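Structure first, then comments.
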There are 2 protein chains.
Amino acid sequence: MYGEPKRDRKTERRERTREEILDAAWEIARAEGLAGLTLRDVAQRVGMRAPSLYSYFASKHAIYDAMFAQGWRRLLEGYGEMPLTGHPLADLKSMTRYFLEFSTADPARFQLMNQRTIPGFEPSPESYALAVKCLDLARERLAALGLDDERTLDLLTAINAGLASQQIANDPGGDRWTRLADEAMEMFLAHVKNRRTSDE
Amino acid sequence: MYGEPKRDRKTERRERTREEILDAAWEIARAEGLAGLTLRDVAQRVGMRAPSLYSYFASKHAIYDAMFAQGWRRLLEGYGEMPLTGHPLADLKSMTRYFLEFSTADPARFQLMNQRTIPGFEPSPESYALAVKCLDLARERLAALGLDDERTLDLLTAINAGLASQQIANDPGGDRWTRLADEAMEMFLAHVKNRRTSDE
DNA sequence: TCGGTTCTCCGTACATAGTTAGGAGTTTCG
DNA sequence: CGAAACTCCTAACTATGTACGGAGAACCGA
């Protein structure tokens, strides 16, 4: 029973180094673009040579996978901590605003999380599960607002993805799209309400 | 004055070879992904070695640029040939449907045209002008339907881009997003009409 | 405390990528 | 015909992801 702390210290150090590598990778991806990420650059940033990274990640794709998972974990976390009012319009607006800020704050991250753009890369099932979990949370929130069918969720995610990618492509930093996002949510809510009453 | 036909024959051949190269590039991009495009593969497909391509394009980015321009030219053409009824809802639906089909038919092309994802690549001013021209046509069409402010155009392009990227990422081939696109256009039109009457 | 195992990290090396340089062979034109 | 231009080649340089094998430290059971 006394042997364990030492093993912990070892795996703990290992975990710390993995984090260090991922942090370096994020920095470079932010600066050089997702595809501009280089193992040699990452290695240099953490004081290693490129091949040494293979002690921590099986491949470059494995690094992307870990980043993919981190991204969705952080978004999930952010959604979880977000204060909600219970007013549909206000809550829809804040969720969309949060998503927009999150996405445009790091275009490389958005690209990694939402666009299949790296040839040969596919997130592992475990990482993908995090993305699904995030979608499930959104579904749950929508349901709490009384909007619980699948089409509605698809529509909302499409709008959000579109706003984010347009802002990233055309006007990173501006607030033009933030205001547009508010308008979009008004439109969205009115539509769903309307569909709801005409369905009954 | 008689020297010109021969020069023409030469530049014509050159132009044909450029087309051949671009066709090969599209094929490979469709099959391997945009970033999976390789000069050596392109060269092989047209019966050359990689360095020979430099007689026709200054760099790989120059090939991407020509493809970018071709993509927007084709979309512009498609929009131009599209029959319009004058009914706002019907026309909005067909334009969005066309954009969706066009985009999902070749995800690599969509990525090249709409997402800044290749590190270091930026379209030349001439190529970019084609993209702007395409946006101008959409603006014009919207105006013809009585919807002529900039916000409306932004909102529409965001919706369209979102629908396309979601379909590409989640369900290429299915018609789930086509139907969603119709619904989105109903929502969009109702919203704009509503905003219009409450503005006056 | 010692000997073996495991874990890091290194240097080297290989395949593939975009790209450059320089030179043959062909075509064009005076 | 001879010069110029064009096309295509081979060879080679650099940067990339990755495989291999080894040196040294950390760890663990005896």
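Not measured: the values here are computed from a predicted model.
- If you take CG of B:Leu39 and P of D:dT14, they are 19 Å apart, rounded to a whole angstrom.
- Between A:Arg14 and C:dC7 there is no side-chain N or O to OP1 or OP2 distance below 4.0 Å.
- Between B:Leu37 and A:Pro51, it is A:Pro51 whose nearest contact on DNA chain C lies nearer the 5' terminus.
- Residue B:Tyr54 contributes atom OH, which lies 16 Å from atom C1' of D:dT7 at whole-angstrom precision.
- A straight line from CZ of A:Arg16 to C1' of C:dC7 spans 15 Å, rounded to a whole angstrom.
- Between the CD1 atom of A:Ile63 and the P atom of D:dG17 there is a distance of 9 Å, rounded to whole Å.
- Summarising the geometry, atom CG belonging to A:Leu142 is positioned 10.0 Å from atom CG belonging to A:Leu137; distances are rounded to the nearest 0.5 Å.
- For the pair B:Arg18 CZ and D:dC6 P, the interatomic distance rounds to 14 Å; values are reported in whole Å.
- Proximity of a side-chain donor or acceptor of B:Arg45 to a complementary backbone N or O of B:Asp23 within less than 3.5 Å is not detected.
- Counting to the nearest Å, the C1' atom of D:dT16 and the OH atom of A:Tyr64 are 11 Å from each other.
- Residue-level contact check: B:Ser59 touches the backbone only, with heavy atoms under 4.0 Å from sugar-phosphate atoms and none from bases.
- Rounding to whole angstrom units, CZ of residue B:Phe57 and C1' of C:dT20 are separated by 19 Å.
- In this structure, A:Ser55 does not reach the C:dC9 phosphate: none of its side-chain N or O atoms is under 4.0 Å from OP1 or OP2.
- Using a 4.0 Å cut-off, no side-chain N or O of B:Ser52 falls inside it from OP1 or OP2 of D:dT7.
- Residues A:Tyr79 and A:Leu153 do not share a hydrophobic cluster, clusters being chains of Ile/Leu/Val/Met/Phe/Trp/Tyr side chains in contact below 4.5 Å.
- If you take OG on B:Ser94 and CG on B:Leu89, they are separated by 9.0 Å, rounding to the nearest 0.5 Å.
- For the pair B:Glu15 CD and D:dC6 C1', the interatomic distance rounds to 15 Å; values are reported in whole Å.
- The distance from the CZ atom of B:Arg74 to the CE atom of B:Met113 is 10.0 Å, given to the nearest 0.5 Å.
- For A:Arg40, the side-chain atoms get nearest to D:dT18 when compared with the rest of D:dT18, C:dT8, C:dG11.
- A close approach under 4.0 Å does not occur between any side-chain nitrogen or oxygen of A:Arg49 and OP1 or OP2 of D:dA19.
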